[in-house]
Number of protein chains: 2
Amino acid sequence: MTDLAAPARPSPGSPSEGASGAAAGRFVDGYLLYLLARASSVASAEFHEQVRARGVPVAVWRILASLKGTGEGLTVGELAKSCLANQPAISKTVDKLVAKGLVERQADGQDRRRVWVRLTPAGEAHVDELILEAQAHQARLVEAIGEGETETLRRALLRLIERAGSGAPSVDFDEFSDK
Amino acid sequence: MTDLAAPARPSPGSPSEGASGAAAGRFVDGYLLYLLARASSVASAEFHEQVRARGVPVAVWRILASLKGTGEGLTVGELAKSCLANQPAISKTVDKLVAKGLVERQADGQDRRRVWVRLTPAGEAHVDELILEAQAHQARLVEAIGEGETETLRRALLRLIERAGSGAPSVDFDEFSDK
DNA sequence: CGTTATTGTATGAAAAGGAATATTTTTAGG
DNA sequence: CCTAAAAATATTCCTTTTCATACAATAACG
(Lines give C-alpha, C1' and ligand atoms only; values in the text may rest on other atoms or scores of the structure.)
Protein backbone atom coordinates (compact mmCIF):
# COMPACT_ATOMS: atom_id res chain seq x y z
CA MET A 1 0.00 0.00 0.00
CA THR A 2 1.26 3.40 -0.85
CA ASP A 3 -1.28 5.64 0.79
CA LEU A 4 0.02 8.83 2.26
CA ALA A 5 -0.65 9.93 5.76
CA ALA A 6 -3.20 12.64 5.58
CA PRO A 7 -6.15 12.43 3.19
CA ALA A 8 -7.06 9.38 1.18
CA ARG A 9 -6.46 10.20 -2.45
CA PRO A 10 -6.92 8.18 -5.61
CA SER A 11 -3.50 6.83 -6.40
CA PRO A 12 -1.87 8.06 -9.58
CA GLY A 13 -1.43 5.46 -12.18
CA SER A 14 -4.69 3.78 -11.39
CA PRO A 15 -7.65 5.43 -13.04
CA SER A 16 -10.09 3.63 -10.78
CA GLU A 17 -12.07 5.82 -8.46
CA GLY A 18 -10.55 6.17 -5.04
CA ALA A 19 -12.33 6.89 -1.81
CA SER A 20 -12.78 10.63 -1.70
CA GLY A 21 -11.58 12.22 -4.89
CA ALA A 22 -9.72 15.41 -4.10
CA ALA A 23 -11.01 17.28 -7.14
CA ALA A 24 -13.35 14.91 -8.93
CA GLY A 25 -10.46 13.09 -10.67
CA ARG A 26 -7.47 14.27 -12.57
CA PHE A 27 -7.58 15.35 -16.19
CA VAL A 28 -5.44 12.48 -17.39
CA ASP A 29 -7.74 9.84 -15.94
CA GLY A 30 -10.33 10.68 -18.55
CA TYR A 31 -7.92 11.37 -21.37
CA LEU A 32 -8.05 8.76 -24.10
CA LEU A 33 -4.44 9.11 -25.25
CA TYR A 34 -3.34 8.60 -21.68
CA LEU A 35 -5.41 5.45 -21.35
CA LEU A 36 -3.85 4.11 -24.52
CA ALA A 37 -0.31 4.87 -23.43
CA ARG A 38 -0.93 3.45 -20.00
CA ALA A 39 -2.56 0.28 -21.30
CA SER A 40 0.30 -0.31 -23.68
CA SER A 41 2.82 0.32 -20.95
CA VAL A 42 1.35 -1.95 -18.30
CA ALA A 43 0.54 -4.68 -20.77
CA SER A 44 4.07 -4.72 -22.14
CA ALA A 45 5.88 -4.24 -18.85
CA GLU A 46 6.23 -7.86 -17.77
CA PHE A 47 7.21 -9.14 -21.17
CA HIS A 48 9.72 -6.38 -21.73
CA GLU A 49 11.19 -7.36 -18.40
CA GLN A 50 11.57 -10.92 -19.63
CA VAL A 51 13.23 -9.73 -22.81
CA ARG A 52 15.67 -7.50 -20.99
CA ALA A 53 16.43 -10.34 -18.61
CA ARG A 54 17.74 -12.19 -21.66
CA GLY A 55 20.01 -9.29 -22.41
CA VAL A 56 17.90 -8.08 -25.32
CA PRO A 57 16.97 -4.39 -25.41
CA VAL A 58 13.39 -3.71 -26.38
CA ALA A 59 14.50 -1.78 -29.46
CA VAL A 60 16.33 -4.89 -30.67
CA TRP A 61 13.34 -7.11 -29.99
CA ARG A 62 11.16 -4.82 -32.06
CA ILE A 63 13.50 -4.94 -35.02
CA LEU A 64 13.87 -8.70 -34.95
CA ALA A 65 10.15 -9.23 -34.45
CA SER A 66 9.33 -6.88 -37.30
CA LEU A 67 11.61 -8.78 -39.64
CA LYS A 68 10.15 -12.17 -38.77
CA GLY A 69 7.89 -13.34 -41.55
CA THR A 70 9.37 -11.06 -44.20
CA GLY A 71 11.49 -13.31 -46.32
CA GLU A 72 13.34 -10.62 -48.20
CA GLY A 73 13.47 -8.35 -45.18
CA LEU A 74 12.49 -4.72 -44.83
CA THR A 75 14.18 -1.51 -45.84
CA VAL A 76 15.51 0.78 -43.14
CA GLY A 77 12.64 3.17 -43.60
CA GLU A 78 10.06 0.40 -43.39
CA LEU A 79 11.73 -0.86 -40.25
CA ALA A 80 11.53 2.58 -38.71
CA LYS A 81 7.77 2.75 -39.26
CA SER A 82 7.26 -0.76 -38.03
CA CYS A 83 9.30 -0.20 -34.88
CA LEU A 84 7.65 3.14 -34.11
CA ALA A 85 11.10 4.67 -34.09
CA ASN A 86 12.84 7.17 -36.29
CA GLN A 87 15.22 6.32 -39.03
CA PRO A 88 18.59 7.22 -37.46
CA ALA A 89 17.80 5.08 -34.42
CA ILE A 90 17.16 2.12 -36.69
CA SER A 91 20.38 2.65 -38.62
CA LYS A 92 22.36 2.60 -35.39
CA THR A 93 20.69 -0.43 -33.91
CA VAL A 94 21.01 -2.31 -37.18
CA ASP A 95 24.75 -1.62 -37.03
CA LYS A 96 24.93 -3.48 -33.76
CA LEU A 97 22.79 -6.35 -35.00
CA VAL A 98 24.98 -6.72 -38.06
CA ALA A 99 28.02 -6.83 -35.78
CA LYS A 100 26.33 -9.59 -33.79
CA GLY A 101 25.50 -11.50 -36.94
CA LEU A 102 21.75 -11.44 -36.35
CA VAL A 103 20.80 -9.42 -39.43
CA GLU A 104 22.47 -8.46 -42.69
CA ARG A 105 22.28 -5.46 -44.96
CA GLN A 106 21.90 -5.65 -48.71
CA ALA A 107 21.63 -2.82 -51.18
CA ASP A 108 18.63 -2.91 -53.46
CA GLY A 109 19.32 -3.85 -57.05
CA GLN A 110 17.06 -1.33 -58.76
CA ASP A 111 17.31 1.55 -56.33
CA ARG A 112 20.69 1.66 -54.73
CA ARG A 113 19.60 4.18 -52.13
CA ARG A 114 17.51 1.54 -50.41
CA VAL A 115 19.05 -0.92 -48.01
CA TRP A 116 17.32 -4.15 -47.16
CA VAL A 117 17.70 -5.60 -43.71
CA ARG A 118 16.93 -9.24 -43.19
CA LEU A 119 17.43 -11.90 -40.58
CA THR A 120 20.41 -14.21 -40.79
CA PRO A 121 19.85 -17.85 -39.81
CA ALA A 122 21.28 -17.02 -36.40
CA GLY A 123 18.93 -14.06 -36.11
CA GLU A 124 16.02 -16.23 -37.18
CA ALA A 125 16.81 -18.76 -34.48
CA HIS A 126 17.20 -16.01 -31.93
CA VAL A 127 13.91 -14.31 -32.73
CA ASP A 128 12.08 -17.63 -32.82
CA GLU A 129 12.88 -18.16 -29.17
CA LEU A 130 11.72 -14.69 -28.26
CA ILE A 131 8.53 -15.14 -30.22
CA LEU A 132 7.76 -18.30 -28.31
CA GLU A 133 8.01 -16.32 -25.11
CA ALA A 134 5.92 -13.54 -26.58
CA GLN A 135 3.20 -15.95 -27.59
CA ALA A 136 3.19 -17.60 -24.19
CA HIS A 137 2.92 -14.22 -22.56
CA GLN A 138 0.13 -13.19 -24.88
CA ALA A 139 -1.73 -16.40 -24.13
CA ARG A 140 -1.62 -15.62 -20.42
CA LEU A 141 -2.76 -12.08 -21.10
CA VAL A 142 -5.69 -13.24 -23.21
CA GLU A 143 -6.63 -15.72 -20.55
CA ALA A 144 -6.62 -12.96 -17.96
CA ILE A 145 -8.88 -10.59 -19.86
CA GLY A 146 -10.99 -13.13 -21.73
CA GLU A 147 -11.14 -14.16 -25.37
CA GLY A 148 -14.19 -12.13 -26.24
CA GLU A 149 -12.85 -9.03 -24.60
CA THR A 150 -9.57 -9.53 -26.42
CA GLU A 151 -11.29 -9.61 -29.78
CA THR A 152 -13.26 -6.51 -28.90
CA LEU A 153 -10.07 -4.75 -27.98
CA ARG A 154 -8.25 -5.93 -31.07
CA ARG A 155 -10.96 -4.69 -33.40
CA ALA A 156 -11.15 -1.33 -31.62
CA LEU A 157 -7.39 -0.91 -31.87
CA LEU A 158 -7.30 -1.79 -35.56
CA ARG A 159 -10.05 0.67 -36.21
CA LEU A 160 -8.29 3.39 -34.26
CA ILE A 161 -5.06 2.73 -36.12
CA GLU A 162 -6.59 3.08 -39.54
CA ARG A 163 -8.69 6.11 -38.62
CA ALA A 164 -6.08 8.02 -36.66
CA GLY A 165 -3.03 6.93 -38.59
CA SER A 166 -3.71 8.11 -42.10
CA GLY A 167 -6.73 10.30 -41.87
CA ALA A 168 -8.05 13.54 -40.52
CA PRO A 169 -5.86 16.44 -41.53
CA SER A 170 -9.09 17.64 -43.13
CA VAL A 171 -10.36 19.56 -40.14
CA ASP A 172 -7.44 21.97 -40.13
CA PHE A 173 -8.02 22.96 -43.72
CA ASP A 174 -11.74 23.58 -43.65
CA GLU A 175 -11.35 27.14 -44.90
CA PHE A 176 -9.54 25.95 -47.98
CA SER A 177 -11.97 23.28 -48.97
CA ASP A 178 -13.49 23.80 -52.44
CA LYS A 179 -14.71 27.25 -51.57
CA MET B 1 19.67 -10.94 -55.79
CA THR B 2 17.64 -9.86 -58.75
CA ASP B 3 14.03 -9.48 -57.74
CA LEU B 4 14.35 -7.62 -54.49
CA ALA B 5 12.03 -4.72 -55.11
CA ALA B 6 9.88 -6.60 -57.53
CA PRO B 7 6.90 -8.22 -55.77
CA ALA B 8 4.19 -6.13 -54.18
CA ARG B 9 4.32 -6.61 -50.43
CA PRO B 10 2.05 -5.48 -47.63
CA SER B 11 3.59 -2.32 -46.26
CA PRO B 12 4.97 -2.48 -42.74
CA GLY B 13 3.24 -0.32 -40.26
CA SER B 14 -0.16 -1.01 -41.67
CA PRO B 15 -1.63 -4.27 -40.44
CA SER B 16 -4.26 -4.22 -43.13
CA GLU B 17 -3.92 -6.86 -45.77
CA GLY B 18 -1.95 -5.76 -48.77
CA ALA B 19 -2.14 -7.07 -52.27
CA SER B 20 -0.29 -10.38 -52.24
CA GLY B 21 0.90 -11.30 -48.79
CA ALA B 22 4.47 -12.56 -49.02
CA ALA B 23 4.25 -15.04 -46.16
CA ALA B 24 0.70 -14.88 -44.84
CA GLY B 25 1.45 -11.85 -42.67
CA ARG B 26 4.18 -11.00 -40.25
CA PHE B 27 4.23 -12.10 -36.65
CA VAL B 28 3.82 -8.60 -35.28
CA ASP B 29 0.65 -7.95 -37.24
CA GLY B 30 -1.21 -10.38 -35.01
CA TYR B 31 0.60 -9.53 -31.82
CA LEU B 32 -1.58 -7.76 -29.30
CA LEU B 33 1.16 -5.80 -27.56
CA TYR B 34 2.25 -4.50 -30.95
CA LEU B 35 -1.28 -3.37 -31.78
CA LEU B 36 -1.45 -1.55 -28.48
CA ALA B 37 1.87 0.19 -28.96
CA ARG B 38 1.04 1.09 -32.52
CA ALA B 39 -2.40 2.41 -31.65
CA SER B 40 -0.98 4.55 -28.89
CA SER B 41 1.76 5.81 -31.16
CA VAL B 42 -0.37 6.79 -34.13
CA ALA B 43 -3.12 8.25 -31.97
CA SER B 44 -0.68 10.44 -30.07
CA ALA B 45 1.51 11.41 -33.00
CA GLU B 46 -0.36 14.47 -34.22
CA PHE B 47 -0.99 15.90 -30.79
CA HIS B 48 2.58 15.36 -29.68
CA GLU B 49 3.58 17.25 -32.78
CA GLN B 50 1.38 20.15 -31.72
CA VAL B 51 2.89 20.11 -28.25
CA ARG B 52 6.45 20.07 -29.53
CA ALA B 53 5.57 22.87 -31.94
CA ARG B 54 4.87 24.95 -28.84
CA GLY B 55 8.33 24.15 -27.57
CA VAL B 56 7.04 21.73 -24.93
CA PRO B 57 8.70 18.30 -24.78
CA VAL B 58 6.30 15.42 -24.35
CA ALA B 59 7.91 14.50 -21.04
CA VAL B 60 7.06 17.96 -19.74
CA TRP B 61 3.51 17.76 -21.02
CA ARG B 62 3.01 14.50 -19.19
CA ILE B 63 4.22 15.90 -15.92
CA LEU B 64 2.08 19.01 -16.13
CA ALA B 65 -0.97 17.05 -17.25
CA SER B 66 -0.51 14.54 -14.46
CA LEU B 67 -0.42 17.32 -11.89
CA LYS B 68 -3.55 19.01 -13.16
CA GLY B 69 -6.42 18.26 -10.83
CA THR B 70 -4.27 17.29 -7.88
CA GLY B 71 -4.49 20.22 -5.54
CA GLU B 72 -1.64 19.24 -3.25
CA GLY B 73 0.37 17.79 -6.11
CA LEU B 74 2.04 14.42 -6.41
CA THR B 75 5.23 13.01 -4.98
CA VAL B 76 8.13 12.32 -7.30
CA GLY B 77 7.46 8.61 -7.18
CA GLU B 78 3.79 9.06 -7.96
CA LEU B 79 4.70 11.30 -10.85
CA ALA B 80 7.02 8.66 -12.22
CA LYS B 81 4.24 6.07 -12.27
CA SER B 82 1.76 8.48 -13.73
CA CYS B 83 4.13 9.59 -16.47
CA LEU B 84 5.17 6.02 -17.33
CA ALA B 85 8.77 7.07 -16.72
CA ASN B 86 11.33 6.19 -14.13
CA GLN B 87 12.16 8.23 -11.12
CA PRO B 88 15.50 9.83 -12.06
CA ALA B 89 14.04 11.14 -15.29
CA ILE B 90 11.25 12.81 -13.33
CA SER B 91 13.66 14.35 -10.86
CA LYS B 92 15.65 15.94 -13.64
CA THR B 93 12.69 17.22 -15.60
CA VAL B 94 11.18 18.63 -12.42
CA ASP B 95 14.44 20.52 -11.90
CA LYS B 96 13.89 22.29 -15.19
CA LEU B 97 10.25 22.98 -14.50
CA VAL B 98 11.13 24.47 -11.14
CA ALA B 99 13.70 26.67 -12.87
CA LYS B 100 10.99 27.81 -15.26
CA GLY B 101 8.61 28.53 -12.42
CA LEU B 102 5.96 26.09 -13.61
CA VAL B 103 6.06 23.73 -10.63
CA GLU B 104 7.39 23.87 -7.09
CA ARG B 105 8.82 21.30 -4.71
CA GLN B 106 7.79 20.94 -1.11
CA ALA B 107 9.04 18.45 1.41
CA ASP B 108 6.38 16.40 3.15
CA GLY B 109 5.70 17.36 6.75
CA GLN B 110 5.37 13.88 8.19
CA ASP B 111 7.84 11.99 6.00
CA ARG B 112 10.67 14.24 4.99
CA ARG B 113 11.94 11.81 2.40
CA ARG B 114 8.97 12.53 0.20
CA VAL B 115 8.88 15.56 -2.02
CA TRP B 116 5.63 16.96 -3.31
CA VAL B 117 5.53 18.54 -6.71
CA ARG B 118 2.68 20.85 -7.54
CA LEU B 119 1.76 23.38 -10.17
CA THR B 120 2.45 27.05 -9.60
CA PRO B 121 -0.15 29.52 -10.86
CA ALA B 122 2.01 30.02 -13.94
CA GLY B 123 2.21 26.27 -14.44
CA GLU B 124 -1.53 25.98 -13.99
CA ALA B 125 -2.14 28.60 -16.66
CA HIS B 126 0.34 26.89 -18.96
CA VAL B 127 -1.15 23.46 -18.62
CA ASP B 128 -4.67 24.81 -18.99
CA GLU B 129 -3.82 25.96 -22.49
CA LEU B 130 -2.31 22.63 -23.38
CA ILE B 131 -5.30 20.79 -22.00
CA LEU B 132 -7.61 22.84 -24.18
CA GLU B 133 -5.63 21.69 -27.18
CA ALA B 134 -5.65 18.13 -25.92
CA GLN B 135 -9.40 18.17 -25.50
CA ALA B 136 -9.93 19.64 -28.94
CA HIS B 137 -7.69 16.98 -30.41
CA GLN B 138 -9.52 14.27 -28.50
CA ALA B 139 -12.85 15.59 -29.73
CA ARG B 140 -11.68 15.28 -33.33
CA LEU B 141 -10.38 11.81 -32.64
CA VAL B 142 -13.66 10.70 -31.08
CA GLU B 143 -15.50 12.17 -34.03
CA ALA B 144 -13.31 10.19 -36.38
CA ILE B 145 -13.85 6.81 -34.74
CA GLY B 146 -17.35 7.32 -33.37
CA GLU B 147 -18.70 7.82 -29.87
CA GLY B 148 -19.84 4.28 -29.37
CA GLU B 149 -16.60 2.84 -30.60
CA THR B 150 -14.73 5.20 -28.30
CA GLU B 151 -16.63 3.97 -25.27
CA THR B 152 -16.00 0.39 -26.27
CA LEU B 153 -12.32 1.12 -26.56
CA ARG B 154 -12.20 3.02 -23.29
CA ARG B 155 -13.83 0.20 -21.38
CA ALA B 156 -11.55 -2.40 -22.94
CA LEU B 157 -8.49 -0.36 -22.08
CA LEU B 158 -9.55 0.19 -18.49
CA ARG B 159 -10.17 -3.49 -18.14
CA LEU B 160 -6.80 -4.34 -19.62
CA ILE B 161 -5.08 -1.90 -17.31
CA GLU B 162 -6.57 -3.34 -14.17
CA ARG B 163 -6.05 -6.94 -15.24
CA ALA B 164 -2.56 -6.63 -16.62
CA GLY B 165 -1.27 -3.92 -14.36
CA SER B 166 -1.56 -5.30 -10.87
CA GLY B 167 -2.96 -8.73 -10.99
CA ALA B 168 -1.09 -10.95 -13.45
CA PRO B 169 -0.21 -13.74 -11.00
CA SER B 170 -3.86 -14.65 -10.69
CA VAL B 171 -3.73 -17.04 -13.62
CA ASP B 172 -1.05 -19.03 -11.84
CA PHE B 173 -3.45 -19.74 -9.02
CA ASP B 174 -6.29 -21.18 -11.01
CA GLU B 175 -6.19 -24.34 -8.97
CA PHE B 176 -7.29 -22.37 -5.96
CA SER B 177 -10.28 -20.71 -7.54
CA ASP B 178 -13.42 -22.60 -6.71
CA LYS B 179 -14.42 -23.03 -10.31
C1' DC C 1 17.70 2.97 22.27
C1' DG C 2 21.12 1.31 18.81
C1' DT C 3 21.58 -1.27 14.75
C1' DT C 4 20.13 -2.85 10.44
C1' DA C 5 16.96 -2.86 6.70
C1' DT C 6 13.89 -0.34 3.77
C1' DT C 7 11.99 3.52 1.37
C1' DG C 8 12.12 7.93 -1.35
C1' DT C 9 14.79 11.14 -3.91
C1' DA C 10 18.95 12.98 -6.04
C1' DT C 11 23.26 12.61 -8.60
C1' DG C 12 26.84 10.95 -11.98
C1' DA C 13 28.59 8.23 -15.76
C1' DA C 14 27.17 5.69 -19.74
C1' DA C 15 23.89 4.60 -23.32
C1' DA C 16 20.13 5.63 -26.12
C1' DG C 17 17.30 8.78 -28.71
C1' DG C 18 16.22 12.83 -31.61
C1' DA C 19 16.96 16.96 -34.71
C1' DA C 20 19.62 18.64 -38.19
C1' DT C 21 22.62 17.79 -41.84
C1' DA C 22 25.59 15.31 -45.20
C1' DT C 23 25.88 11.92 -48.92
C1' DT C 24 24.46 9.20 -52.52
C1' DT C 25 21.04 8.00 -55.80
C1' DT C 26 16.90 8.73 -58.38
C1' DT C 27 13.44 11.60 -60.58
C1' DA C 28 11.73 15.75 -63.00
C1' DG C 29 12.13 19.74 -66.21
C1' DG C 30 14.11 22.66 -69.45
C1' DC D 1 22.09 15.79 -71.42
C1' DC D 2 22.41 19.02 -67.58
C1' DT D 3 20.77 20.88 -63.69
C1' DA D 4 17.51 21.21 -59.85
C1' DA D 5 14.56 18.89 -56.71
C1' DA D 6 13.35 14.85 -54.07
C1' DA D 7 14.20 10.47 -51.64
C1' DA D 8 16.75 6.94 -48.67
C1' DT D 9 20.23 6.19 -45.59
C1' DA D 10 24.19 7.46 -42.77
C1' DT D 11 26.48 10.59 -39.66
C1' DT D 12 27.13 14.26 -36.30
C1' DC D 13 25.95 16.65 -32.32
C1' DC D 14 23.28 17.48 -28.46
C1' DT D 15 19.51 16.23 -25.30
C1' DT D 16 17.35 12.83 -22.66
C1' DT D 17 17.02 8.48 -20.48
C1' DT D 18 18.85 4.72 -17.98
C1' DC D 19 21.63 2.17 -14.62
C1' DA D 20 23.91 2.23 -10.71
C1' DT D 21 24.77 4.33 -6.64
C1' DA D 22 24.76 7.74 -2.96
C1' DC D 23 22.27 10.10 0.47
C1' DA D 24 18.74 10.98 3.79
C1' DA D 25 14.86 9.57 6.48
C1' DT D 26 11.79 6.20 8.31
C1' DA D 27 10.70 1.53 9.89
C1' DA D 28 11.78 -2.81 12.03
C1' DC D 29 13.79 -5.46 15.46
C1' DG D 30 16.93 -7.17 18.86
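Model, not experiment: these values are computed from the prediction. Labels below follow one simple rule: chain letters A, B, ... track the order of the sequence lines, proteins then strands, and each chain is numbered from 1.
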Nucleotide [N], atom [atom2] - distance to [atom1] of [X] in whole Å:
X        : N      : atom1 : atom2 : result
B/Leu79  : C/dG8  : CG    : P     : 14 Å
B/Asn86  : C/dG8  : CG    : C1'   : 14 Å
B/Lys92  : C/dG17 : NZ    : P     : 16 Å
B/Ile90  : C/dG8  : CD1   : C1'   : 14 Å
B/Glu49  : C/dA19 : CD    : C1'   : 11 Å
A/Asp111 : C/dT24 : CG    : C1'   : 11 Å
B/Gln106 : C/dG8  : CD    : P     : 19 Å
A/Leu84  : C/dG18 : CG    : P     : 11 Å

Inset, instruction - Decide yes or no on salt bridge (Lys or Arg N to Asp or Glu O under 4.0 Å) for B/Arg140 and B/Glu46, but give the supporting numbers first. - result: CA-CA 11 Å; B/Arg140 292 195 298 271; B/Glu46 313 109 347; over 6 Å; no

Polar side-chain atom of [X] near backbone of [Y] as donor-acceptor pair, under 3.5 Å:
X        : Y        : answer
A/Ser82  : A/Glu78  : no
B/Thr70  : B/Leu67  : yes
A/Thr120 : A/Leu102 : yes

Inset, instruction - Identify the heavy atoms of B/Leu32 and A/Gln138 that sit nearest to each other, and give their distance. - result: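 That would be N-OE1, 2.8 Å.
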
Inset, instruction - Mind telling me whether B/Trp61 and B/Phe47 have parallel, tilted or perpendicular rings, with 30° and 60° as the class edges? - result: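 It falls in the perpendicular class, over 60°.
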
Inset, instruction - At the 4.0 Å heavy-atom cut-off to chain B, mark where contacts on DNA chain D begin and end, going 5' to 3'. - result: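 Answer, 5' to 3': D/dT16 to D/dT26.
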
Inset, instruction - Would you tell me if any nitrogen or oxygen in the side chain of A/Lys96 comes within less than 4.0 Å of OP1 or OP2 on C/dA16? - result: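 For C/dA16, OP1/OP2 do have a side-chain N/O of A/Lys96 under 4.0 Å.
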
Inset, instruction - Could you tell me whether the phosphate oxygens of C/dA10, OP1 or OP2, come under 4.0 Å of any side-chain nitrogen or oxygen in B/Arg105? - result: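 So the side chain of B/Arg105 is within the cut-off, an N or O lying under 4.0 Å from OP1 or OP2 of C/dA10.
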
Legend entry - Nearest-nucleotide comparison on DNA chain C, the residue closer to the 5′ end among B/Gln87 and B/Arg113: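 Final value for this comparison: B/Arg113.
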
Legend entry - Sugar-phosphate, base or nothing in reach of B/Ala85, heavy atoms under 4.0 Å: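 B/Ala85: no heavy atom of the nucleic acid under 4.0 Å.
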
Inset, instruction - Rounded to the nearest 0.5 Å, what's the gap from CG on B/Leu141 to OG1 on B/Thr150? Could you check? - result: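 Output value for this atom pair is 6.5 Å.
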
